[in-house]
There are 2 protein chains.
Amino acid sequence: MIPKYKLIYQDIKENIQSGKYPQNEFLPSENELTKTYHCSRNTLRNALSILATEGVIQPIHGKGVRVIFPPEVEHPNFIYHGIGQFDEALEEDEVALKKFVNVFSELYINEEISKLTTFPINTPIYYVERVRYMDEKPVILHRSYFRQDIAVGLTKRISEASIYNYLKEELKQTIGVTKRTIFVEKATKLDSDLLELEEYDCVVVVVNRTYNGEGIMFEFTESRHNPAYFVYSD
Amino acid sequence: MIPKYKLIYQDIKENIQSGKYPQNEFLPSENELTKTYHCSRNTLRNALSILATEGVIQPIHGKGVRVIFPPEVEHPNFIYHGIGQFDEALEEDEVALKKFVNVFSELYINEEISKLTTFPINTPIYYVERVRYMDEKPVILHRSYFRQDIAVGLTKRISEASIYNYLKEELKQTIGVTKRTIFVEKATKLDSDLLELEEYDCVVVVVNRTYNGEGIMFEFTESRHNPAYFVYSD
DNA sequence: TGGTATTTGTCCGTATGTATC
DNA sequence: GGATACATACGGACAAATACC
(Lines give C-alpha, C1' and ligand atoms only; values in the text may rest on other atoms or scores of the structure.)
Protein backbone atom coordinates (compact mmCIF):
# COMPACT_ATOMS: atom_id res chain seq x y z
CA MET A 1 0.00 0.00 0.00
CA ILE A 2 1.69 3.16 -1.20
CA PRO A 3 0.80 6.10 1.01
CA LYS A 4 -1.22 8.90 -0.50
CA TYR A 5 1.43 11.56 -0.04
CA LYS A 6 3.91 9.55 -2.07
CA LEU A 7 1.47 9.18 -4.92
CA ILE A 8 0.88 12.92 -4.88
CA TYR A 9 4.63 13.52 -4.75
CA GLN A 10 5.20 11.30 -7.76
CA ASP A 11 2.37 12.82 -9.73
CA ILE A 12 3.54 16.39 -9.18
CA LYS A 13 7.09 15.43 -10.02
CA GLU A 14 5.98 13.83 -13.26
CA ASN A 15 3.97 16.89 -14.13
CA ILE A 16 7.07 19.00 -13.60
CA GLN A 17 9.24 16.74 -15.71
CA SER A 18 6.66 16.57 -18.46
CA GLY A 19 6.47 20.34 -18.56
CA LYS A 20 2.86 20.60 -17.42
CA TYR A 21 4.24 22.74 -14.59
CA PRO A 22 6.95 24.75 -16.38
CA GLN A 23 10.26 26.08 -15.13
CA ASN A 24 10.17 29.21 -13.01
CA GLU A 25 6.38 29.16 -12.92
CA PHE A 26 4.25 28.67 -9.82
CA LEU A 27 2.40 25.50 -9.02
CA PRO A 28 -1.34 25.75 -8.41
CA SER A 29 -1.94 26.95 -4.85
CA GLU A 30 -2.01 24.43 -2.03
CA ASN A 31 -5.73 24.93 -1.69
CA GLU A 32 -6.30 24.07 -5.33
CA LEU A 33 -4.01 21.06 -5.16
CA THR A 34 -5.80 19.67 -2.11
CA LYS A 35 -8.96 19.78 -4.18
CA THR A 36 -7.49 18.02 -7.21
CA TYR A 37 -5.94 15.32 -5.04
CA HIS A 38 -8.83 15.08 -2.58
CA CYS A 39 -6.54 15.24 0.42
CA SER A 40 -5.90 17.36 3.47
CA ARG A 41 -3.49 20.26 3.36
CA ASN A 42 -1.09 18.41 5.66
CA THR A 43 -0.86 15.47 3.31
CA LEU A 44 -0.25 17.72 0.36
CA ARG A 45 2.38 19.70 2.21
CA ASN A 46 4.04 16.43 3.14
CA ALA A 47 4.40 15.66 -0.57
CA LEU A 48 5.60 19.17 -1.36
CA SER A 49 8.21 19.08 1.38
CA ILE A 50 9.89 16.11 -0.28
CA LEU A 51 10.08 17.99 -3.57
CA ALA A 52 11.41 21.01 -1.71
CA THR A 53 14.23 19.10 -0.02
CA GLU A 54 15.05 17.55 -3.38
CA GLY A 55 15.43 21.06 -4.71
CA VAL A 56 12.73 20.59 -7.33
CA ILE A 57 10.44 23.29 -6.01
CA GLN A 58 10.85 26.31 -3.80
CA PRO A 59 7.91 27.57 -1.73
CA ILE A 60 7.75 31.34 -1.25
CA HIS A 61 5.78 32.64 1.67
CA GLY A 62 2.69 34.52 0.61
CA LYS A 63 3.31 34.04 -3.09
CA GLY A 64 3.31 30.43 -4.15
CA VAL A 65 5.48 27.45 -4.93
CA ARG A 66 7.96 27.91 -7.73
CA VAL A 67 9.35 25.15 -9.94
CA ILE A 68 13.15 25.29 -10.02
CA PHE A 69 13.96 21.96 -11.56
CA PRO A 70 16.97 22.87 -13.65
CA PRO A 71 17.86 21.53 -17.07
CA GLU A 72 20.52 18.85 -16.94
CA VAL A 73 23.92 20.24 -17.72
CA GLU A 74 26.11 18.62 -20.30
CA HIS A 75 29.75 17.92 -19.77
CA PRO A 76 32.25 17.38 -22.49
CA ASN A 77 33.45 14.33 -20.60
CA PHE A 78 30.05 13.26 -19.40
CA ILE A 79 29.72 9.56 -19.01
CA TYR A 80 29.16 8.53 -15.47
CA HIS A 81 26.75 10.26 -13.17
CA GLY A 82 25.67 9.05 -9.79
CA ILE A 83 27.69 7.20 -7.26
CA GLY A 84 27.08 4.62 -4.64
CA GLN A 85 24.05 2.65 -5.67
CA PHE A 86 25.72 2.21 -8.99
CA ASP A 87 24.17 -1.19 -9.52
CA GLU A 88 20.56 -0.24 -9.24
CA ALA A 89 20.99 3.17 -10.76
CA LEU A 90 22.47 2.01 -14.01
CA GLU A 91 21.37 -1.57 -14.44
CA GLU A 92 18.55 -0.36 -16.63
CA ASP A 93 20.66 1.80 -18.84
CA GLU A 94 21.84 0.72 -22.22
CA VAL A 95 25.47 1.40 -21.48
CA ALA A 96 27.80 -1.52 -21.69
CA LEU A 97 28.50 -2.05 -18.01
CA LYS A 98 30.56 -4.78 -16.48
CA LYS A 99 32.36 -5.45 -13.30
CA PHE A 100 35.16 -7.75 -12.38
CA VAL A 101 35.87 -9.02 -8.88
CA ASN A 102 39.61 -9.00 -8.24
CA VAL A 103 39.59 -9.95 -4.61
CA PHE A 104 37.04 -11.51 -2.33
CA SER A 105 38.12 -12.41 1.18
CA GLU A 106 37.01 -12.59 4.78
CA LEU A 107 39.05 -10.78 7.39
CA TYR A 108 38.97 -9.20 10.80
CA ILE A 109 39.37 -5.45 11.23
CA ASN A 110 42.84 -4.56 12.44
CA GLU A 111 43.97 -1.28 13.87
CA GLU A 112 44.91 0.26 10.57
CA ILE A 113 41.69 -0.62 8.79
CA SER A 114 39.71 0.39 11.83
CA LYS A 115 41.19 3.85 11.56
CA LEU A 116 40.19 4.01 7.91
CA THR A 117 36.70 2.56 8.17
CA THR A 118 35.72 3.34 11.78
CA PHE A 119 34.65 -0.29 12.17
CA PRO A 120 35.66 -1.61 15.62
CA ILE A 121 38.79 -3.76 15.78
CA ASN A 122 38.17 -7.50 15.25
CA THR A 123 34.85 -6.97 13.46
CA PRO A 124 34.41 -9.81 10.93
CA ILE A 125 34.36 -8.33 7.43
CA TYR A 126 33.88 -9.32 3.81
CA TYR A 127 36.44 -7.49 1.75
CA VAL A 128 35.60 -7.04 -1.93
CA GLU A 129 37.72 -5.39 -4.58
CA ARG A 130 36.04 -4.76 -7.90
CA VAL A 131 36.76 -2.92 -11.11
CA ARG A 132 33.96 -1.25 -13.03
CA TYR A 133 34.03 -1.25 -16.78
CA MET A 134 32.10 0.98 -19.07
CA ASP A 135 32.25 0.45 -22.80
CA GLU A 136 35.13 -1.97 -22.24
CA LYS A 137 37.14 0.66 -20.36
CA PRO A 138 37.95 0.38 -16.64
CA VAL A 139 36.61 3.46 -14.87
CA ILE A 140 36.35 2.72 -11.15
CA LEU A 141 38.22 0.61 -8.63
CA HIS A 142 36.01 -0.21 -5.63
CA ARG A 143 37.38 -1.42 -2.30
CA SER A 144 34.49 -2.42 -0.06
CA TYR A 145 34.26 -3.63 3.52
CA PHE A 146 30.95 -5.23 4.55
CA ARG A 147 30.08 -6.27 8.08
CA GLN A 148 29.63 -10.04 8.05
CA ASP A 149 26.87 -9.99 10.64
CA ILE A 150 24.74 -7.85 8.32
CA ALA A 151 25.79 -8.96 4.83
CA VAL A 152 25.48 -12.58 5.97
CA GLY A 153 26.56 -15.17 3.43
CA LEU A 154 28.05 -12.84 0.85
CA THR A 155 30.09 -14.67 -1.78
CA LYS A 156 32.31 -13.80 -4.70
CA ARG A 157 29.62 -14.95 -7.08
CA ILE A 158 27.08 -12.59 -5.52
CA SER A 159 29.59 -9.73 -5.68
CA GLU A 160 29.85 -10.31 -9.41
CA ALA A 161 26.11 -9.84 -9.74
CA SER A 162 24.65 -7.23 -7.38
CA ILE A 163 25.45 -7.03 -3.70
CA TYR A 164 22.63 -4.61 -3.07
CA ASN A 165 20.08 -6.84 -4.71
CA TYR A 166 21.27 -9.66 -2.45
CA LEU A 167 21.01 -7.49 0.64
CA LYS A 168 17.53 -6.36 -0.22
CA GLU A 169 15.98 -9.42 -1.83
CA GLU A 170 17.64 -12.29 0.03
CA LEU A 171 18.51 -10.76 3.38
CA LYS A 172 15.57 -8.35 3.47
CA GLN A 173 17.90 -5.59 4.59
CA THR A 174 16.68 -2.07 4.10
CA ILE A 175 19.21 0.52 3.05
CA GLY A 176 19.37 3.81 4.90
CA VAL A 177 21.58 6.85 4.58
CA THR A 178 24.85 7.10 2.68
CA LYS A 179 27.49 9.59 3.78
CA ARG A 180 30.07 10.58 1.24
CA THR A 181 33.43 12.28 1.04
CA ILE A 182 35.27 13.20 -2.14
CA PHE A 183 38.89 14.14 -2.67
CA VAL A 184 41.78 13.63 -5.05
CA GLU A 185 44.91 11.54 -4.64
CA LYS A 186 47.98 10.87 -6.70
CA ALA A 187 47.50 7.67 -8.63
CA THR A 188 49.38 4.64 -7.38
CA LYS A 189 50.98 2.17 -9.72
CA LEU A 190 48.03 -0.12 -9.06
CA ASP A 191 45.55 2.62 -9.97
CA SER A 192 47.37 3.32 -13.22
CA ASP A 193 47.43 -0.31 -14.18
CA LEU A 194 43.91 -1.27 -13.23
CA LEU A 195 42.25 1.91 -14.49
CA GLU A 196 44.55 2.34 -17.48
CA LEU A 197 45.06 5.98 -16.63
CA GLU A 198 46.58 7.89 -19.46
CA GLU A 199 46.01 11.62 -19.45
CA TYR A 200 45.74 11.86 -15.67
CA ASP A 201 48.22 11.06 -12.93
CA CYS A 202 45.61 11.11 -10.18
CA VAL A 203 42.33 9.50 -9.13
CA VAL A 204 39.16 10.88 -7.60
CA VAL A 205 38.48 9.04 -4.36
CA VAL A 206 34.89 8.75 -3.20
CA VAL A 207 34.43 7.34 0.27
CA ASN A 208 30.95 5.99 1.01
CA ARG A 209 29.68 4.94 4.41
CA THR A 210 26.34 3.19 4.10
CA TYR A 211 23.92 2.60 6.93
CA ASN A 212 21.13 0.06 6.93
CA GLY A 213 17.54 0.75 7.84
CA GLU A 214 18.41 0.30 11.49
CA GLY A 215 21.06 2.99 11.44
CA ILE A 216 23.99 0.59 11.61
CA MET A 217 26.92 1.35 9.32
CA PHE A 218 27.52 -1.90 7.52
CA GLU A 219 29.51 -0.86 4.45
CA PHE A 220 32.61 1.18 3.88
CA THR A 221 33.65 1.65 0.28
CA GLU A 222 36.55 3.53 -1.19
CA SER A 223 35.95 4.11 -4.90
CA ARG A 224 38.90 5.24 -6.98
CA HIS A 225 37.69 6.89 -10.18
CA ASN A 226 39.42 7.58 -13.44
CA PRO A 227 39.06 11.39 -13.50
CA ALA A 228 38.24 11.38 -17.18
CA TYR A 229 34.91 9.71 -16.49
CA PHE A 230 33.97 11.25 -13.19
CA VAL A 231 30.98 13.55 -12.79
CA TYR A 232 29.14 14.10 -9.56
CA SER A 233 25.90 16.00 -9.01
CA ASP A 234 24.18 16.53 -5.70
CA MET B 1 10.12 34.97 16.54
CA ILE B 2 11.81 31.63 16.03
CA PRO B 3 9.25 28.89 15.45
CA LYS B 4 8.94 26.22 18.06
CA TYR B 5 9.95 23.34 15.82
CA LYS B 6 13.26 25.02 15.06
CA LEU B 7 14.02 25.49 18.73
CA ILE B 8 13.27 21.84 19.32
CA TYR B 9 15.43 20.89 16.35
CA GLN B 10 18.34 22.92 17.69
CA ASP B 11 17.97 21.58 21.18
CA ILE B 12 17.92 17.95 20.09
CA LYS B 13 20.88 18.52 17.80
CA GLU B 14 22.87 20.08 20.61
CA ASN B 15 22.01 17.18 22.86
CA ILE B 16 23.31 14.81 20.21
CA GLN B 17 26.52 16.76 19.74
CA SER B 18 27.08 17.05 23.45
CA GLY B 19 26.68 13.33 23.83
CA LYS B 20 23.54 13.45 25.93
CA TYR B 21 21.98 11.32 23.21
CA PRO B 22 24.87 8.98 22.32
CA GLN B 23 25.82 7.40 19.00
CA ASN B 24 23.79 4.40 17.89
CA GLU B 25 21.41 4.80 20.80
CA PHE B 26 17.74 5.64 20.53
CA LEU B 27 16.25 9.02 21.30
CA PRO B 28 13.45 9.13 23.86
CA SER B 29 10.20 8.15 22.15
CA GLU B 30 8.21 10.78 20.29
CA ASN B 31 5.58 10.66 23.00
CA GLU B 32 8.13 11.41 25.70
CA LEU B 33 9.70 14.19 23.67
CA THR B 34 6.35 15.86 23.09
CA LYS B 35 5.98 15.96 26.85
CA THR B 36 9.42 17.43 27.54
CA TYR B 37 8.95 20.07 24.84
CA HIS B 38 5.27 20.72 25.55
CA CYS B 39 4.31 20.48 21.92
CA SER B 40 2.14 18.43 19.61
CA ARG B 41 3.47 15.34 17.94
CA ASN B 42 3.28 17.10 14.57
CA THR B 43 5.59 19.86 15.71
CA LEU B 44 8.05 17.41 17.15
CA ARG B 45 8.04 15.29 14.01
CA ASN B 46 8.65 18.43 12.01
CA ALA B 47 11.83 18.96 13.99
CA LEU B 48 12.86 15.32 13.73
CA SER B 49 12.31 15.28 9.98
CA ILE B 50 14.94 17.99 9.56
CA LEU B 51 17.43 15.97 11.55
CA ALA B 52 16.52 12.91 9.50
CA THR B 53 17.14 14.62 6.16
CA GLU B 54 20.41 15.91 7.56
CA GLY B 55 21.33 12.32 8.25
CA VAL B 56 21.76 12.93 11.96
CA ILE B 57 19.04 10.54 13.07
CA GLN B 58 17.26 7.62 11.52
CA PRO B 59 13.72 6.71 12.58
CA ILE B 60 12.94 3.01 12.62
CA HIS B 61 9.30 2.06 12.38
CA GLY B 62 8.03 0.45 15.56
CA LYS B 63 11.36 0.65 17.36
CA GLY B 64 12.56 4.18 17.85
CA VAL B 65 14.75 6.93 16.47
CA ARG B 66 18.44 6.13 16.28
CA VAL B 67 21.28 8.63 16.46
CA ILE B 68 23.68 8.12 13.54
CA PHE B 69 25.74 11.27 13.70
CA PRO B 70 29.09 9.95 12.53
CA PRO B 71 32.53 10.95 13.77
CA GLU B 72 34.28 13.33 11.41
CA VAL B 73 36.80 11.57 9.23
CA GLU B 74 40.29 12.88 8.86
CA HIS B 75 42.11 13.17 5.60
CA PRO B 76 45.83 13.25 5.19
CA ASN B 77 45.43 16.21 2.88
CA PHE B 78 42.65 17.83 4.80
CA ILE B 79 42.60 21.55 4.60
CA TYR B 80 39.56 22.83 2.90
CA HIS B 81 36.11 21.51 3.60
CA GLY B 82 32.91 23.03 2.44
CA ILE B 83 32.22 24.78 -0.78
CA GLY B 84 30.01 27.55 -1.95
CA GLN B 85 29.30 29.77 1.01
CA PHE B 86 32.98 29.86 1.59
CA ASP B 87 32.88 33.38 2.96
CA GLU B 88 30.49 32.85 5.79
CA ALA B 89 31.60 29.33 6.54
CA LEU B 90 35.21 30.13 7.17
CA GLU B 91 35.37 33.80 8.04
CA GLU B 92 35.39 32.85 11.69
CA ASP B 93 38.12 30.32 11.42
CA GLU B 94 41.66 31.05 12.38
CA VAL B 95 43.07 30.00 9.06
CA ALA B 96 44.91 32.63 7.09
CA LEU B 97 42.34 33.28 4.38
CA LYS B 98 42.57 35.85 1.66
CA LYS B 99 41.10 36.51 -1.70
CA PHE B 100 42.22 38.53 -4.62
CA VAL B 101 39.91 39.90 -7.31
CA ASN B 102 41.57 39.50 -10.70
CA VAL B 103 38.73 40.66 -12.88
CA PHE B 104 35.56 42.60 -12.24
CA SER B 105 33.47 43.55 -15.23
CA GLU B 106 29.95 44.06 -16.46
CA LEU B 107 28.84 42.17 -19.52
CA TYR B 108 25.87 40.79 -21.41
CA ILE B 109 25.37 37.07 -21.76
CA ASN B 110 26.31 35.87 -25.23
CA GLU B 111 25.44 32.58 -26.82
CA GLU B 112 28.51 30.76 -25.54
CA ILE B 113 28.16 31.88 -21.93
CA SER B 114 24.45 31.25 -22.07
CA LYS B 115 25.16 27.64 -22.92
CA LEU B 116 27.50 27.39 -19.96
CA THR B 117 25.43 29.21 -17.38
CA THR B 118 21.86 28.73 -18.68
CA PHE B 119 21.31 32.49 -18.25
CA PRO B 120 19.27 33.88 -21.16
CA ILE B 121 21.19 35.69 -23.89
CA ASN B 122 21.64 39.43 -23.29
CA THR B 123 21.09 39.17 -19.52
CA PRO B 124 23.19 41.89 -17.83
CA ILE B 125 25.82 40.25 -15.65
CA TYR B 126 28.55 41.07 -13.19
CA TYR B 127 31.52 38.89 -13.93
CA VAL B 128 33.95 38.32 -11.07
CA GLU B 129 37.15 36.33 -11.15
CA ARG B 130 38.78 35.69 -7.78
CA VAL B 131 41.60 33.63 -6.39
CA ARG B 132 41.37 32.17 -2.91
CA TYR B 133 44.44 31.96 -0.77
CA MET B 134 44.95 29.83 2.26
CA ASP B 135 48.11 30.14 4.28
CA GLU B 136 49.57 32.25 1.49
CA LYS B 137 48.94 29.54 -1.08
CA PRO B 138 46.42 29.92 -3.93
CA VAL B 139 43.89 27.11 -3.72
CA ILE B 140 40.82 28.08 -5.73
CA LEU B 141 40.08 30.10 -8.83
CA HIS B 142 36.46 31.31 -8.85
CA ARG B 143 34.70 32.53 -11.98
CA SER B 144 31.31 33.96 -11.04
CA TYR B 145 28.40 35.35 -13.01
CA PHE B 146 25.83 37.37 -11.04
CA ARG B 147 22.58 38.67 -12.48
CA GLN B 148 22.76 42.47 -12.31
CA ASP B 149 19.05 42.86 -11.59
CA ILE B 150 19.45 40.82 -8.41
CA ALA B 151 23.00 41.62 -7.26
CA VAL B 152 22.28 45.31 -7.88
CA GLY B 153 25.23 47.64 -7.41
CA LEU B 154 27.92 45.03 -6.94
CA THR B 155 31.42 46.47 -7.14
CA LYS B 156 34.98 45.25 -7.16
CA ARG B 157 35.44 46.54 -3.64
CA ILE B 158 32.46 44.54 -2.40
CA SER B 159 33.76 41.45 -4.17
CA GLU B 160 36.97 41.78 -2.21
CA ALA B 161 35.00 41.71 1.03
CA SER B 162 31.98 39.41 0.96
CA ILE B 163 29.46 39.32 -1.84
CA TYR B 164 27.06 37.24 0.19
CA ASN B 165 27.12 39.65 3.08
CA TYR B 166 26.30 42.43 0.64
CA LEU B 167 23.43 40.46 -0.88
CA LYS B 168 21.97 39.66 2.50
CA GLU B 169 22.68 42.80 4.52
CA GLU B 170 22.45 45.56 1.94
CA LEU B 171 20.11 44.12 -0.67
CA LYS B 172 18.05 42.06 1.78
CA GLN B 173 18.23 39.13 -0.61
CA THR B 174 17.48 35.74 0.84
CA ILE B 175 19.55 32.83 -0.42
CA GLY B 176 17.83 29.65 -1.48
CA VAL B 177 19.05 26.38 -2.88
CA THR B 178 22.47 25.67 -4.35
CA LYS B 179 22.88 22.97 -6.97
CA ARG B 180 26.31 21.58 -7.49
CA THR B 181 28.25 19.52 -10.00
CA ILE B 182 31.81 18.26 -9.56
CA PHE B 183 34.22 16.92 -12.14
CA VAL B 184 37.88 16.99 -13.10
CA GLU B 185 39.57 18.75 -15.99
CA LYS B 186 43.09 18.98 -17.30
CA ALA B 187 44.69 22.11 -15.96
CA THR B 188 45.09 24.98 -18.37
CA LYS B 189 48.19 27.15 -18.44
CA LEU B 190 46.18 29.77 -16.55
CA ASP B 191 45.20 27.26 -13.87
CA SER B 192 48.80 26.19 -13.38
CA ASP B 193 50.00 29.75 -13.08
CA LEU B 194 47.29 31.10 -10.83
CA LEU B 195 47.02 28.06 -8.59
CA GLU B 196 50.73 27.23 -8.68
CA LEU B 197 49.95 23.62 -9.39
CA GLU B 198 52.91 21.39 -8.85
CA GLU B 199 52.18 17.77 -8.18
CA TYR B 200 48.96 17.74 -10.17
CA ASP B 201 48.26 18.45 -13.83
CA CYS B 202 44.52 18.81 -13.33
CA VAL B 203 41.92 20.81 -11.39
CA VAL B 204 38.71 19.86 -9.64
CA VAL B 205 35.89 21.92 -11.10
CA VAL B 206 32.90 22.65 -8.88
CA VAL B 207 29.97 24.29 -10.62
CA ASN B 208 27.50 26.05 -8.34
CA ARG B 209 24.15 27.39 -9.36
CA THR B 210 22.62 29.48 -6.60
CA TYR B 211 18.96 30.46 -6.37
CA ASN B 212 17.57 33.29 -4.27
CA GLY B 213 14.63 33.00 -1.93
CA GLU B 214 12.28 33.54 -4.85
CA GLY B 215 13.62 30.60 -6.78
CA ILE B 216 15.47 32.70 -9.33
CA MET B 217 18.96 31.51 -10.27
CA PHE B 218 21.10 34.57 -9.85
CA GLU B 219 24.62 33.17 -9.58
CA PHE B 220 26.66 30.77 -11.62
CA THR B 221 30.12 30.02 -10.31
CA GLU B 222 32.79 27.77 -11.70
CA SER B 223 35.38 27.06 -9.00
CA ARG B 224 38.65 25.51 -10.10
CA HIS B 225 40.36 23.83 -7.16
CA ASN B 226 43.92 22.80 -6.61
CA PRO B 227 43.37 19.05 -6.09
CA ALA B 228 45.89 18.94 -3.27
CA TYR B 229 43.59 20.98 -1.05
CA PHE B 230 40.22 19.73 -2.16
CA VAL B 231 37.91 17.79 0.15
CA TYR B 232 34.19 17.60 -0.22
CA SER B 233 31.67 16.10 2.19
CA ASP B 234 27.94 15.93 1.65
C1' DT C 1 -2.04 54.77 2.59
C1' DG C 2 -4.88 51.19 4.02
C1' DG C 3 -7.85 47.22 3.90
C1' DT C 4 -8.98 42.73 2.06
C1' DA C 5 -8.22 38.42 -0.20
C1' DT C 6 -4.85 34.97 -1.29
C1' DT C 7 -1.08 31.97 -0.17
C1' DT C 8 2.27 29.77 2.55
C1' DG C 9 3.98 28.89 7.57
C1' DT C 10 3.16 27.15 12.13
C1' DC C 11 0.68 24.54 15.54
C1' DC C 12 -2.78 21.77 17.69
C1' DG C 13 -5.82 17.60 18.54
C1' DT C 14 -7.44 13.30 17.06
C1' DA C 15 -7.91 8.93 14.74
C1' DT C 16 -6.17 4.99 12.47
C1' DG C 17 -2.55 2.03 10.34
C1' DT C 18 1.59 -0.75 10.80
C1' DA C 19 5.91 -2.56 12.68
C1' DT C 20 8.37 -4.23 16.75
C1' DC C 21 8.76 -6.52 21.01
C1' DG D 1 -2.74 -10.66 21.99
C1' DG D 2 -1.34 -6.49 24.05
C1' DA D 3 1.76 -2.59 24.68
C1' DT D 4 4.75 0.57 22.58
C1' DA D 5 6.48 3.35 18.83
C1' DC D 6 6.61 5.37 14.46
C1' DA D 7 3.67 6.48 9.95
C1' DT D 8 -0.17 8.36 7.70
C1' DA D 9 -4.15 11.24 7.35
C1' DC D 10 -7.83 14.51 8.51
C1' DG D 11 -9.61 18.94 10.02
C1' DG D 12 -9.27 23.31 12.10
C1' DA D 13 -7.13 27.66 13.69
C1' DC D 14 -4.26 31.57 13.46
C1' DA D 15 0.10 34.01 11.91
C1' DA D 16 2.87 36.16 8.38
C1' DA D 17 4.01 37.55 3.74
C1' DT D 18 2.30 39.02 -0.51
C1' DA D 19 -0.80 40.95 -4.06
C1' DC D 20 -4.32 43.90 -5.45
C1' DC D 21 -7.63 47.29 -5.32
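None of these values were measured; they are calculated from a predicted model. Order of the sequence lines fixes the chain letters, A, B, ..., with proteins taken first and strands second; residue numbering starts at 1 for each chain.
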Chemist: What is the distance, to the nearest angstrom, from the CG atom on A/Leu48 to the C1' atom on D/dT8?
Modeler: 16 Å

Chemist: How many Å lie between CD1 on B/Ile57 and P on D/dA5, as a whole number?
Modeler: 16 Å

Chemist: In terms of the nearest nucleotide of DNA chain C, which residue is placed more toward the 5' end: A/Met1 or A/Asn31?
Modeler: A/Asn31

Chemist: On the six-membered ring of B/Tyr37, is B/Lys4 placed so that its NZ or CZ lies under 6.0 angstrom from the centre and within 45° of the ring axis?
Modeler: no

Chemist: Judged by each residue's nearest nucleotide on DNA chain D, which is more toward the 5′ side, B/Glu214 or B/Asn42?
Modeler: B/Asn42

Chemist: For the atom pair CD1 (A/Ile12) and CG (A/Leu44), what is the distance rounded to the nearest 0.5 Å?
Modeler: 5.5 Å

Chemist: Side chains of B/Glu14 and B/Tyr21: donor-acceptor distance under 3.5 Å anywhere?
Modeler: no

Chemist: Within the 3.5 Å criterion, strictly below it, is a donor on B/His142 or B/Thr221 matched to an acceptor on the partner's side chain?
Modeler: no

Chemist: With nearest nucleotides of DNA chain D determined for B/Ile60 and A/Ile2 from heavy-atom distances, which residue corresponds to the more 5′ nucleotide?
Modeler: B/Ile60

Chemist: Would the base of D/dA7 count as contacting B/His61 through its side chain, where contact means a donor and an acceptor less than 3.5 Å apart?
Modeler: no

Chemist: Is B/Lys63 positioned over the aromatic face of B/Phe26, cation under 6.0 angstrom from the ring centre and no more than 45 degrees off axis?
Modeler: no

Chemist: Let me know the distance between NZ of B/Lys63 and P of D/dA5, rounded to the nearest Å.
Modeler: 13 Å

Chemist: Closer to the 5' end of DNA chain C via nearest nucleotide, is it A/Glu32 or B/Pro3?
Modeler: A/Glu32

Chemist: Rounded to whole angstrom units, what separation is found between the CZ atom of B/Arg41 and the C1' atom of D/dA9?
Modeler: 12 Å

Chemist: What integer distance in Å separates B/Leu44:CG from D/dA5:P?
Modeler: 13 Å

Chemist: Establish, with yes or no, whether the OP1 or OP2 oxygen of D/dC10 is under 4.0 angstrom from a side-chain nitrogen or oxygen of A/Ser40.
Modeler: yes

Chemist: What is the distance, rounded to the nearest whole Å, between atom CG of B/Asn46 and atom P of D/dT8?
Modeler: 14 Å

Chemist: Rounded off to whole Å, could you give me the OH-to-P distance for the A/Tyr5 and D/dA9 pair?
Modeler: 7 Å

Chemist: Please find the earliest and latest nucleotides of DNA chain C, in the 5' to 3' direction, that have an atom within less than 4.0 Å of any heavy atom of chain A.
Modeler: C/dT7 to C/dC12

Chemist: Ignoring hydrogens and geometry beyond distance, is a side-chain donor-acceptor pair present between A/Gln148 and A/Tyr108 at under 3.5 Å?
Modeler: no

Chemist: Could you give the NZ-to-C1' distance, from A/Lys4 to D/dG11, as a whole number of Å?
Modeler: 13 Å

Chemist: How long is the span from the CD atom in B/Glu222 to the CZ atom in B/Arg209, to the nearest 0.5 Å?
Modeler: 10.5 Å

